[in-house]
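Values reported hereafter were calculated over all heavy atoms of this structure, with side chains retained and with hydrogens, waters and symmetry mates removed.
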Amino acid sequence: MSERSAVYIGTAFVAGVCLTIVCKDILDSRRREKSASPEAQSDAPAARSGPPAIVEGIQGCIGNTPLFEIKSLSDATGCEILAKAEFLNGAGQSSKDRVALSMIELAEEQGILTPYSGDTIYEGTSGSTGISLASLARAKGYLAHICMPSDQAIEKSDLLLKLGAIVDRVPPAPIVEKENFVNRARALATAHTASTTVAVPETEGDLVEPSDRMARGRGFFADQFENEANWRAHFGGSGPEIYIQCNGKIDAFVAGAGTGGTISGVARYLKPLLPDITVVLADPQGSGLYNRVRYGVMFDVKEREGTRRRRQVDTIVEGIGINRVTANFEAGKELVDDAVRVTDAQALAMAKWLVEKDGIFVGSSSAVNCFAAVKTAQKLGPGHRIVTMLSDSGSRHLSRFWKKAGNVGGAVDTKLTDVLNARDEDFQ
């Protein structure tokens, strides 16, 4: 080989290496841009292989839950139906672990809560958020005082008591009445804080705290329905996790809304990255959100929104469904494309189907989500990928929802049409 040929070959080799490095940098840059949300995602989860790392406390066991295929529903619809196993979160074993931790951490950042100072966290909840708050309160040095409707499953309040929380089971009442469980929690927190401060002359300052501050602390109303830390927990957690787990391939996301934090947070993360994704609300009977999404109004035109005083239609589903637009639902409602109404009978039938076909034992809201995922799959047609949430286990729904559902039985062969066409008479 001549000296000139050697020079040419060497130069070409160096140029090829440089071109490869430049191309790699460009591809990496584009990949980062594609996977990044329009808003800052400094705390978005990073994909990792192997067993989980050692974490600190139960709060470290929240998030990064598995996403798995519900094979029976995939086979029956021709779509790939995936479920986020939120019941595997490590504090209260539900999706509300994310929300509870987010609300507490934001309050700590703002100086509203101080660990091990005697502060008490108050919340109005149908159960799961209270359980998550009670668990994390103990882990982080707070007390918990939970107000919940008296028609919720008794095992929820029993569990709260075992976790050391004070529990008020109050009669169900509309949000416009002071006896409503949310309003009661707010009032108790305000009264608590007021009782731990004393007024002094203006020349000496505004308010001072008494010497028993460490014993009594302050009262903090978590306010899951209006606290934006709720949807942000899913925007920074559930949304990125789902995107990474699906490698960016998702055709539809289906979720119910109680506070509205899950559907808003996930939709706000996924929509900018996947403009063609369909976001679907799963709504139980008695809730007004289905009408809000489908028709733009919550109630009958004769009623001014958010002011009606009659009780909502009774439903056996707990944790989702509401008759007002919360701040958390408002944060993402323009991104919700469609809604599916699910009756109690359909939710009960779906819960039993999941046990019979897949060994999956979940609560009422998860059953509603799965039913809506099936309806979405049928609407989109075969070959699509649908993601939904399994919010909590059926173990905290035994005395109400699963008592109504009954036992699954031994050798049964339920057809999907039986689930889709389920009627109240089937569960008398």
Do [X] and [Y] meet the criterion of a side-chain donor-acceptor pair at a distance under 3.5 Å?
X: Gln285; Y: Thr343; result: no
X: Asp283; Y: Ser287; result: yes
X: Asn183; Y: Arg186; result: yes
X: Thr259; Y: Gln224; result: no
X: Glu108; Y: Tyr142; result: yes
X: Asn328; Y: Thr326; result: no

Any sub-3.5 Å donor-acceptor pair from [X]'s side-chain atoms to [Y]'s backbone N or O?
X: Ser264; Y: Gly261; value: no
X: Asn227; Y: Ala222; value: yes
X: Lys84; Y: Leu390; value: no
X: Ser102; Y: Ala229; value: yes
X: Glu226; Y: Ala327; value: yes
X: Asn323; Y: Gly286; value: yes
X: Thr388; Y: Ala255; value: no
X: Glu318; Y: Gln152; value: no
X: Arg184; Y: Cys147; value: no
X: Asn180; Y: Val182; value: yes

Carboxylate-amine/guanidinium contact [X] [Y], below 4.0 Å:
X: Glu105; Y: Lys140; answer: no
X: Asp358; Y: Lys71; answer: no
X: Asp344; Y: Arg423; answer: no
X: Asp338; Y: Lys379; answer: yes

Contact check, side chains of [X] and [Y], non-hydrogen atoms, under 4.5 Å:
X: Asp251; Y: Ile277; answer: no
X: Ile316; Y: Ser364; answer: no
X: His397; Y: Asp392; answer: yes
X: Glu80; Y: Leu82; answer: yes
X: Leu163; Y: Ile131; answer: yes
X: Trp402; Y: Asn407; answer: no
X: Phe253; Y: Met389; answer: yes
X: Val99; Y: Ser132; answer: no

Worked check of side chain to side chain contact (heavy atoms under 4.5 Å, CB included) between Thr65 and Arg98: CA-CA 11 Å; Thr65 53; Arg98 300 176 186 268; 3.4 Å; yes
From [X] atom [atom1] to [Y] atom [atom2], the distance as rounded to the nearest 0.5 Å:
X: Gln93; Y: Ser393; atom1: CD; atom2: OG; answer: 9.0 Å
X: Asn369; Y: Ile386; atom1: CG; atom2: CD1; answer: 13.0 Å
X: Leu106; Y: Leu101; atom1: CG; atom2: CG; answer: 11.0 Å
X: Ile81; Y: Cys370; atom1: CD1; atom2: SG; answer: 8.0 Å
X: Ser94; Y: Glu86; atom1: OG; atom2: CD; answer: 8.0 Å
X: Ile58; Y: Asn89; atom1: CD1; atom2: CG; answer: 11.0 Å

Under 6.0 Å from the six-membered ring centre of Phe225 and within 45° of its axis: does the NZ or CZ of Arg324 meet both?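 Checked: cation-pi criterion met.
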Under the rule for side chain to side chain contact (heavy atoms under 4.5 Å, CB included), what residues qualify as partners of Glu155, not counting sequence neighbours?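 Glu155: side chain to side chain contact (heavy atoms under 4.5 Å, CB included) contacts with Ala153, Arg396, Leu398, Ser399.
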Ala85: what forms a side chain to side chain contact (heavy atoms under 4.5 Å, CB included) with it, not counting sequence neighbours?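 Scan of Ala85 (side chain to side chain contact (heavy atoms under 4.5 Å, CB included), adjacent residues dropped) gives Pro66, Phe68, Phe87, Leu88.
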Thr414 and its side chain to side chain contact (heavy atoms under 4.5 Å, CB included) partner, picked from Asp418, Thr417, Leu416: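 Output: one option passes, namely Asp418.
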Show the nearest heavy-atom pair for residues [X] and [Y], with the distance to one decimal.
X: Gly239; Y: Leu270; value: O-CD2, 3.9 Å
X: Gly258; Y: Ile322; value: O-CD1, 3.5 Å
X: Phe401; Y: Ala367; value: CZ-CB, 4.3 Å
X: Val317; Y: Val368; value: CG2-CG2, 3.8 Å
X: Leu281; Y: Gly256; value: CD1-C, 4.1 Å
X: His234; Y: Thr262; value: NE2-OG1, 3.2 Å

Using side chain to side chain contact (heavy atoms under 4.5 Å, CB included), reason through Val280 and Thr278 one step at a time and then give a plain yes or no. CA-CA 6 Å; Val280 180; Thr278 300; 3.7 Å; yes
When you look at Lys271 and Asp337, which way does the salt bridge (charged side-chain N to carboxylate O under 4.0 Å, His left out) test go after all the steps? CA-CA 11 Å; Lys271 274 278 191 177; Asp337 302 294; 2.8 Å; yes
Is the ring pair His145/Tyr122 parallel, tilted or perpendicular, if the boundaries are 30 and 60 degrees?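 Ring orientation of His145 relative to Tyr122: parallel.
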For the residue pair Trp231 and Phe329, is the inter-centroid distance of their aromatic rings smaller than 6.0 Å?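 No: the rings miss the under 6.0 Å criterion.
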Listed once per pair and sorted, the salt bridge (Lys or Arg N to Asp or Glu O under 4.0 Å) pairs that draw on residues 408-417, sequence neighbours left out: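 Of all non-adjacent pairs touching residues 408-417, those that pass salt bridge (Lys or Arg N to Asp or Glu O under 4.0 Å) are Lys357-Asp413, Asp413-Lys415.
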Is it the case that more than 12 heavy atoms not belonging to Glu56 sit under 6.0 Å from its CD atom?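 At most 12 heavy atoms, drawn from other residues, nucleotides or ligands, come within 6.0 Å of this atom.
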Under the criterion side chain to side chain donor-acceptor pair (under 3.5 Å), which of Thr114, Thr193, Thr120 is the partner of Arg218?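 It is Thr114, the one option of Thr114, Thr193, Thr120 that forms the side chain to side chain donor-acceptor pair (under 3.5 Å) with Arg218.
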Please test Tyr243 against Leu273 for side chain to side chain contact (heavy atoms under 4.5 Å, CB included), starting from the C-alpha separation and ending with a verdict. CA-CA 9 Å; Tyr243 185 84; Leu273 300 175; 3.9 Å; yes
Begin from the C-alpha positions of Leu67 and Val387 and carry the test side chain to side chain contact (heavy atoms under 4.5 Å, CB included) through to its verdict. CA-CA 9 Å; Leu67 185 70; Val387 176; 4.0 Å; yes
